[in-house]
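Okay, so here's the structure we're looking at.
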Amino acid sequence: MLQWPVMLDIRLIRERTEEVKARLGARGLNIDWDLLLKLDQERRDLLNAVEELRAQRRTASDQIAKLKRDKKPAEPLVEEMKSVGDRIAALEDELRSCEADLNNIALSIPNLPHESVPIGVDASANVEVRRWGKPPAFSFPAKPHWELGEALGILDFERAARMTGARFAVYAGAGARLERALLNFMLDLHTTEHGYKEVLPPYIVNRASMTGTGQLPKFEDDLFRLADDDLMLIPTAEVPLTNLHREETVSEAALPLRYTAFSPCFRREAGSYGKDTRGLIRQHQFNKVELVTFSFPETSYEELEVLARHAESVLQRLHLHYRVVTLCTGDMGFAAAKTYDLEVWLPAQGVFREISSCSNFEAFQTRRAGIRYKGRDGKSAFLHTLNGSALAIGRTFVAILENYQQADGTVIIPEVLRPYMAGMERITKET
RNA sequence: GGAGAGGUGGCCGAGUGGCCGAAGGCGCGGCAUUGGAAAUGCCGUAUACGGGAAACUGUAUCGUGGGUUCAAAUCCCACCCUCUCCGCCA
């Protein structure tokens, strides 16, 4: 499944160890670099030895074939090769276990942050890049979306908890319709105006796909797994979209490739007990429209700006106040080299909340997933991948309820969504 | 789920133990022929990793992983996928 080299370019680690360690900074916490380098050396030595013996065996085998054709005795050579075969098998075993150990470490090394990423340990070191719009002015205390939603009869957390468990929600009536309006609006925008190809992928994928995008092996605890099949529910459409081209060499003429997909996302949210327990903010299942770009390495940072703008345009058309922040080294995801978060204004809490995350993964995922292109010079190279939510639909739903709420508890529907809501202008309590 | 057939290079397709990284064809590239083209002819045409300044060279790869053997596309085992029929089902 995995071919060599995977993960961070092992050659880069080998040749510029100190620089890699420094750039990884706080991210590279528990990596045994000495063991990694030792295993790398061991692997190359073993490989050399095995290849030499195999070459020897092949020559001898050809001789044996000739001897037998000429009806001459071949026994001594055959005997000799028996022991060579045993040595090859032994070395191959060693090589296999060496590579497994090496992979274990290497697959757990996070991506190198881009040089433009601010250094810091947590979200407090993130840097605001820009703001758009302004918060709504209310002459009344803003209510949280769960109160609005339950009062309007469009959100039902109680029944969801009974049928499934905590962190699930039932959308009903105009609520269900609003969720569907949002996803259709977003997909239409990205396919018709931004040039993305719409994809409707499987929501269940295998281990290789999860490893390709970086969810595995480190984050298995955050995934829902099917008991009998070693398949997992996707935590984001990034996984199937990026894995569309796993183990492929894509044609240069097709680049950049832009895909969008709607999908539900499933996350166990291990370790987040007690956080965001009320409302839609943190659910085990939520809907999202995702954007994925496969880019030439040279232009991937321009593509990151483009991608972020595409995600922002959804918020702009919904007239939702937001800001863009650059995540610092300590707040970025495992696979990302640089990430912009889009944070939408939530008046009830008086805070900006993440509603989209747009990242450049450089060659981190393509190296794991074996996604290349072939240039005009005939050489193949790993592509860069990028992805971003555009947007997380549940959180957009939250933002609309809270920002468009009226004094009487009704919610105005943003104009761009009305065609998707059969012309409905306002959500009122259903009778 | 049961029974059967099959998975070989960009594509089609031959190949049941060695001279097979793989015939032949198509496609593609170059050259010749032509005023130009078609047709024709000749030559070339997989990928990855390592060595070498390069020419070149070593190893691996015939769905995947194991095994047998001095030697595996070829034999054995397991798994995956595709197709046909049956069952079930939206």
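For clarity, every value in this text was computed on a predicted model and none was experimentally measured. Naming: A, B, ... by sequence-line order, numbering from 1 per chain.
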For atom CD of A/Glu248 and atom C1' of B/A46, their distance in whole Å: 16 Å
Pairing partner (Watson-Crick or G-U wobble, both distances under 3.5 angstrom) of B/U34: none
Nearest-Å distance for atom pair CZ/P, residues A/Arg14 and B/C49: 12 Å
A/Glu92 CD - B/U68 P separation (whole Å): 11 Å
Nucleic acid contacts of residues 60-79 of chain A, taken as heavy-atom distances under 4.0 Å to RNA chain B: A/Ser61, A/Ile64, A/Ala65, A/Lys68, A/Arg69, A/Val78
B/G18 versus B/A22 - spacing of their P atoms, nearest Å: 15 Å
Opposite nucleotide pairing with B/A53, Watson-Crick or G-U, both atom distances under 3.5 Å: none
Sequence-distant partners of A/Ala160, side-chain contact (heavy atoms from CB on, under 4.5 Å), two or more places apart: A/Phe168, A/Val170
P gap between B/A78 and B/G87, integer Å: 28 Å
Interatomic distance at C1', B/C20 relative to B/U8, whole Å: 12 Å
Listed once per pair and sorted, the side-chain hydrogen bond (donor to acceptor under 3.5 Å, both in side chains) pairs that draw on residues 382-396 of chain A, sequence neighbours left out: A/Glu238-A/Asn387, A/Ser300-A/His384, A/Gln365-A/Thr385
Under 4.0 angstrom between A/Ser380 side-chain N/O and B/U47 OP1 or OP2: no
Given RNA chain B, 5'-ward residue of the pair A/Lys82 and A/Arg96, judged by closest heavy atom: A/Arg96
Pair partner, B/A72 [Watson-Crick or wobble, under 3.5 Å]: none
side-chain hydrogen bond (donor to acceptor under 3.5 Å, both in side chains) contacts in which one or both residues fall within residues 151-164 of chain A, not counting sequence neighbours: A/Asp156-A/Arg159
Distance-only polar pair, side chains of A/Thr249 and A/Arg372, donor-acceptor under 3.5 Å: no
Phosphate-side-chain proximity, A/Arg372 and B/A48, N/O vs OP1/OP2 below 4.0 Å: no
Ring center gap for A/Tyr301 and A/His114 short of 6.0 angstrom: yes
P spacing across the pair B/A54 / B/G41, given as an integer number of angstrom: 38 Å
Whole-Å P distance, B/C43 and B/G25: 11 Å
Counterpart base for B/A90, defined by Watson-Crick or G-U wobble contacts under 3.5 Å: none
Identity of whatever pairs with B/G24 - Watson-Crick or G-U, under 3.5 angstrom: B/C12
Protein-to-nucleotide contact annotation, 5' to 3' order, nucleotides 56-61 of chain B [B base; S sugar-phosphate only; - none; under 4.0 Å, heavy atom]: --BSS-
A/Leu53 CG - B/G50 C1' separation (whole Å): 16 Å
Under the side-chain contact (heavy atoms from CB on, under 4.5 Å) test, residues paired with A/Leu327 that sit two or more places apart: A/Asn126, A/Val325, A/Asp331, A/Met332, A/Thr339, A/Asp341
Pairing nucleotide - B/U47, Watson-Crick or G-U, each distance under 3.5 Å: B/A60
Ion pair A/Glu51/A/Arg54, N-O distance below 4.0 Å: no
Compile the donor-acceptor pairs under 3.5 Å between side chains in residues 55-63 of chain A and protein atoms, sequence neighbours left out, one pair per line.
| from | atom 1 | to | atom 2 | distance (Å) |
| --- | --- | --- | --- | --- |
| A/Thr59 | OG1 | A/Ala55 | O | 2.8 |
| A/Ser61 | OG | A/Arg57 | O | 3.0 |

Listed partners of A/Asn184 passing side-chain contact (heavy atoms from CB on, under 4.5 Å), at least two apart: A/Arg180, A/Tyr420
Spacing of A/Glu80 atom CD relative to B/U69 atom C1', expressed in whole Å: 17 Å
P gap between B/G17 and B/A72, integer Å: 14 Å
Separation of B/G65 P from A/Arg207 CZ (nearest whole Å): 18 Å
B/C12 and B/C62, which share atom name C1', separated by this distance in whole Å: 16 Å
Whole-Å distance separating the CZ atom of A/Arg367 from the C1' atom of B/C49: 15 Å
Pair partner, B/C85 [Watson-Crick or wobble, under 3.5 Å]: B/G2
Partners meeting side-chain contact (heavy atoms from CB on, under 4.5 Å) with A/Glu79 (sequence neighbours left out): A/Glu75, A/Lys82
Nearest-angstrom distance, C1' atom, B/G21 to B/C76: 24 Å
Close aromatic pair by centroid cut-off 6.0 Å: A/His190 and A/Tyr259: no
Rounded distance (Å) that lies between atom C1' of B/G51 and atom CZ of A/Arg44: 13 Å
